[in-house]
Each structure stands twice: as C-alpha cells, then as structure tokens.
Amino acid sequence: MQTISAPRADARTPVETPAPLLHSIVLDWYRENARDLPWRTPEASPWAVMVSEFMLQQTPVKRVLPAYAAWLERWPTPARLAADAPGEAVRMWGRLGYPRRALRLHAAATAIVERHGGRVPDDHAELLALPGVGEYTAAAVASFAFKQRHAVLDTNVRRVFARAVTGVEYPANATTAAERRVATGLLPAADEVAAEWAVAVMELGALVCTARSPECGGCPLRAQCAWQRAGCPPHQGPARRGQSYEGTDRQVRGKLLAVLRAQHGPVPRGQLDVVWPDDIQRDRALDGLVADGLVEPLADGYFQLPQ
DNA sequence: AACTCGTGGGT
DNA sequence: TACCCAAGAGT
C-alpha cells in the first residue's frame, strides 16, 4: 500500500499514513473549503476548463476571473475562437501577461476544429499534442474536464508533496521523475476520486500550504506532514533565480503590445517609438514580437496585431 | 538544462 | 521598499 512517510531517527517506528486515510483527510477538507470557481461548476465545458487552464498558467486566480468570463462570452466554443483573427485573441488577453498564451490558445482552438471536429479531445496524448498544452495542462484538462485519473503536478501540488511527503520546504525547480512517482503512487484507484483528489491537493496548496507563509496551524495534514515532523527545516540550496523585469526586453515588449492592443488597425512606427527610448532594445523587442507572431509588420512602417 | 516570456498583488 | 510569487510551455 502506498503510504506517506517521514524520516525518523528511530527506524523502528516509521511514521506512515495509509493513502486512503490521506485521501479522506484531503477530500473532506476540500469539500468544506473549496472556492467557488466558475471553471469547477458542472456547467463548465471542457473548452471552458481549457481556457481557464491557459489563463492560469502563471497568472493568479483573481486576475483570471474577469478575463475568463469575457473570453467565454465572446468565444463559447473552439470553433468560434478559430473563426476570429489571432490578433483578436491577443487583444482580448488584455493584461494577463505572457500574451503568447493567447496565440497558443487560438492555435489550439484551430487544431481542435481541424483534428477533433471542434470538440476538445479527452485523450491525454491528443491534448498534449495541442499548442500551449504541456504536461500539466494535458493532465489538468483530462482530470478536471473528463474526470480521468492523472497525476496533476502544478506548483501547488508539487509544494504540498514536497512538504507533506518528502519533508522539504520547496520542490526542485523542475518536475522530477521522483515527484511523478510520488504523485502517481498516491493517486486514488477510481477515476472520479482521483480527479477530485487532484483538485483537492491543488486547492490545499493554494489556500493553506502556500509558498510564502503556510498556515500550518489550519492544515488538515499537519499531523501527517513530513516537513512538520522534521521541524520545518528551511529550504537548502540556491534560491530560485529572481525574475528581474525592470529594463528587460519583456518590459519593452509589454509596452509595445499595449499600444497595439489599444489601437484597432495599423499603427505607425512613431507611436511605438515613444514607449521606449533605447532604439536598439526597442527594435530588438519589436523584432521578437514579430518573430513570435504577436505582431504583423506592414508596408511603410506600420504594424498591427496578427490578422 | 537553463532561459525566455508579462503583469500585478502580497509581504 | 524591493523583492517574491503566481493552476507553465517552448526552445
């Protein structure tokens, strides 16, 4: 039986919690404390779940909520999005950040229409083959939208397992094979239970077992948590590389794209030149946007969102 | 495997 | 105030 275990000085008394007990603890907690999120309602279509997952890649729930509602109002199906220009997706993306996600979501909608008759596929491999869908998103859509049994390893789940199972404060920078083994080993046998377990562990990480200041006092796993039993040792090793932003190409790209989003139709270069004083860096950023397909160059020094 | 890619809120 | 961090993906 899969168990949760913590290192103990006395090897004769290992601390192990049977997986079924863990499941009931976390599922009971979830049923009491889950947030009411629109993509979790029974009415949420697989497409709605997919839209939420794209938006939630590196963007907090609070900022996704209004964008999610507006997006689905305008494009309730993949076919409706695919019928519009990719630039409209970039415009609707607004200030969610990482606008390439908007482009990829549009490309995914197009692929869904072309390859799957306009319906979001329920097969994990077919999901994974869609633009912008990686290991996490494929598992998330298969689990949340189709109630399948998959290890869903996002930053929240990885942190919960790092602490509760492995006994360290933070997981490694990239997902490891060991983490996949832990997650798979703890997966409940039944599909629907596994799907609820996945969202429940994620919610625990989002609300209680948070990165900065976890509320261990209110954690249902406190008695079983390996990190807690080890005395909450602080993270060892190099800190995660800070993502500096001020003065980077990313900031310039953001400013350029903001001008293009606000404008309907072609924008003369002069309107872009004013957002950043350094010609070299501004040109590099604009070239990058064009290379990424986020901006279309026109004749006579005009630019627009991709048509 | 390390790096890039936005934006805003929490501490 | 300066960080840190957020349901990652692609290269």
Side-chain angles (χ1 to χ4, degrees), chain A residues 34-35 37-40 44 48-68 90 93-105 107-108 127-145 150-161 169-177 179 183 195 198-207 209-215 235 238-261 275 284-285 287-289 291-295:
Chain A
R35 289 169 293 181
L37 299 174
W39 46 84
R40 286 185 188 158
V49 172
M50 175 172 283
V51 168
S52 79
E53 291 304 336
F54 269 74
M55 291 184 169
L56 288 163
Q57 291 169 3
Q58 298 286 278
T59 301
V61 167
K62 181 179 178 181
R63 284 173 50 212
V64 163
L65 285 169
Y68 167 86
V90 174
W93 199 254
R95 305 188 65 80
L96 282 182
Y98 292 151
R100 292 192 291 194
R101 290 181 292 165
L103 227 42
R104 290 175 185 150
L105 184 49
L127 285 166
L128 194 57
L130 295 172
V133 177
E135 176 183 353
Y136 162 75
T137 302
V141 172
S143 178
F144 303 156
H150 294 281
V152 182
L153 277 170
D154 81 318
T155 187
N156 292 304
V157 175
R158 296 183 59 218
R159 189 173 54 247
V160 170
F161 288 161
E169 186 177 17
Y170 297 119
N173 285 331
T175 305
T176 64
E179 287 181 271
V199 71
V201 176
M202 191 175 302
E203 190 77 337
L204 185 64
L207 298 183
C209 193
T210 57
R212 192 67 74 84
S213 47
E215 296 175 35
H235 177 69
R240 258 196 275 187
R241 275 205 60 207
Q243 22 177 328
S244 56
Y245 179 66
E246 204 65 29
T248 62
D249 286 5
R250 294 158 76 183
Q251 183 182 24
V252 185
R253 287 167 58 109
K255 287 179 177 295
L256 292 171
L257 209 56
V259 172
L260 288 157
R261 275 199 311 264
V275 305
R284 187 173 66 231
D287 286 348
L289 288 170
D292 288 346
L294 284 162
V295 173

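Chain A is the first sequence line, chain B the second, and so forth, proteins listed ahead of strands; every chain is numbered from 1. The figures that follow rest on heavy atoms only: side chains count, while hydrogens, waters and symmetry mates do not. Here the structure is a predicted model, which means the values were calculated and not measured.
- Of the N and O atoms on the side chains of A:R250 and A:Y98, at least one donor lies less than 3.5 Å from an acceptor on the other residue.
- B:dA1 and C:dG8: their C1' atoms are spaced 16 Å apart (whole Å).
- Nucleotides C:dA6 and B:dC5 place their C1' atoms 14 Å apart, quoted to the nearest Å.
- The nucleotide whose nearest atom lies closest to any side-chain atom of A:Q58 is, among C:dG8, B:dG10, B:dC5, C:dG8.
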Assess the residue pair A:R40 and A:E203 against the criterion (salt bridge (Lys or Arg N to Asp or Glu O under 4.0 Å)); give the C-alpha distance rounded to whole Å, side-chain angles, the decisive distance to 0.1 Å, and a yes or no. CA-CA 12 Å; A:R40 286 185 188 158; A:E203 190 77 337; 2.6 Å; yes

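- A:L128 has its CG atom 16 Å from the P atom of C:dG8, to the nearest Å.
- Remark: the separation of the C1' atoms in C:dA9 and B:dG9 is 23 Å, to the nearest Å.
- Rounded to whole angstrom, the span from the CG atom of A:L96 across to the P atom of C:dC5 amounts to 22 Å.
- With rounding to whole Å, A:R40 atom CZ is found 11 Å from C:dA7 atom P.
- Judged by distance alone with a 3.5 Å cut-off, a donor-acceptor contact links the side chain of A:T59 to the base of B:dG6.
- For A:Y170, the ring-ring contact (aromatic ring centres under 6.0 Å, His included) partners at least two apart in sequence or on another chain are A:H235.
- Side-chain N/O atoms of A:R63 and base N/O atoms of B:dG8 include no donor-acceptor pair closer than 3.5 Å.
- The separation between A:Y98 atom OH and C:dT11 atom P is 16 Å, rounded to whole Å.
- The CZ atom of A:R250 sits 14 Å away from the C1' atom of C:dG10 (whole-angstrom rounding).
- Among the heavy atoms of the strands lying under 4.0 Å from A:L37 is at least one base atom, whether or not backbone atoms are also near.
- Among the protein residues, A:W93 comes within range of no part of the nucleic acid, since none of its heavy atoms lies under 4.0 Å from any strand.
- When the nucleotides C:dG10, B:dT7, C:dA6 are ranked by their closest atom to the side chain of A:R104, C:dG10 comes out on top.
- Distance from the side chain of A:N156 is smallest for C:dA7 among the nucleotides C:dA7, B:dG6, C:dC5.
- Distance CG (A:L289) to P (B:dC5): 9 Å, rounded to an integer number of Å.
- Comparing C:dA7, B:dC5, C:dA9 against the side chain of A:V61 picks out C:dA7 as the nearest.
- Within 4.0 Å (heavy atoms only), A:T137 reaches sugar-phosphate atoms of the nucleic acid but no base atom.
- If you measure from atom CG of A:N173 to atom C1' of B:dC3, you get 12 Å, rounded to the nearest angstrom.
- The side chain of A:Q57 approaches C:dA9 more closely than any other nucleotide in the set C:dA9, B:dT7, B:dC5.
- If you take atom P in C:dA7 and the same atom in B:dC3, they sit 24 Å apart, rounded to whole Å.
- When distances are taken from the side chain of A:R100 to each of C:dA7, C:dC5, B:dC5, the shortest belongs to B:dC5.
- With distances taken from any side-chain atom of A:R212 to the nucleotides C:dA7, B:dG6, C:dC5, the minimum falls on C:dC5.
- As rounded to whole Å, 7 Å separates atom C1' of C:dA7 from atom CZ of A:F144.
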